[in-house]
Amino acid sequence: MTRRRWEQSTPFEERVYAVVRRIPRGQTRSYGWVARQLGNPRLARAVGQALHRNPDMRRTPCHRVVAADGSLGGYALAPGRKRALLRSEGVVVLKI
DNA sequence: AAGTAAGAAATTT
DNA sequence: AAATTTCTTACTT
């Protein structure tokens, strides 16, 4: 049962959360967009990892981060949950 | 300490 | 559309 402790945010996560938190409510951003803010558009995958390890999903609007092609991308919890959250903010998901 | 494996994408051809 | 590329973190040895 080697459970992962130290769920503290890593230096990289800290940077990702700073950008994600900056996203205005009601708008969606893509992983690449966040990655670009970090200085490297190819960090998209690392960004997704950081969000997955999100220590405060209630605080970090990880549901506001979607894929670049308009897809919802992924979500640790139920996928429909993400769609509902976005709809609650007035975001219309064109692609599924 | 070093190496290996996996991950919620993006990019390029 | 398919394959490749890229970065980070976690676990194992």
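Below, each value reflects all heavy atoms present in this structure, side chains not excepted, and no hydrogens, waters or symmetry copies. Labels below follow one simple rule: chain letters A, B, ... track the order of the sequence lines, proteins then strands, and each chain is numbered from 1.
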Any A/R53 side-chain nitrogen or oxygen under 4.0 Å from OP1 or OP2 of C/dA10: yes
Consecutive-pair stems (3 or more, Watson-Crick or G-U, under 3.5 Å) for DNA chain C: B:1-7 with C:7-13, B:9-13 with C:1-5
Residue A/A76, side-chain heavy atoms: nucleotide from C/dT9, B/dA8, B/dA10 that is nearest: B/dA8
Touch class at under 4.0 angstrom, heavy-atom based, for A/A44 against every strand present: sugar-phosphate
Atom pair distance, as rounded to whole Å: CZ in A/R15 and C1' in C/dC7: 12 Å
Sugar-phosphate, base or nothing in reach of A/F12, heavy atoms under 4.0 Å: sugar-phosphate
Nearest-angstrom distance from the residue atom CD of A/E13 to C1' of B/dG7: 13 Å
Whole angstrom value for the distance that separates P of B/dA8 from CZ of A/R42: 21 Å
Geometric cation-pi criterion A/R36 and A/W33, 6.0 Å radius, 45° cone: no
Distance in angstrom units between A/Y31 OH and C/dT5 P, rounded: 24 Å
Side chain of A/L43 - closest among B/dA8, C/dT8, B/dA10: C/dT8
Nearest listed nucleotide, side chain of A/H52, among B/dA10, B/dA8, C/dC7: B/dA8
Value in whole Å for how far the P atom of C/dT9 lies from CD of A/E14: 12 Å
Length of the line joining A/Q49:CD and B/dG7:P, which is rounded to integer Å: 8 Å
Nearest-0.5 Å distance that lies between atom CD in A/Q49 and atom CZ in A/F12: 10.5 Å
Set of side chain to side chain contact (heavy atoms under 4.5 Å, CB included) partners for A/V91, sequence neighbours left out: A/T28, A/L86, A/E89
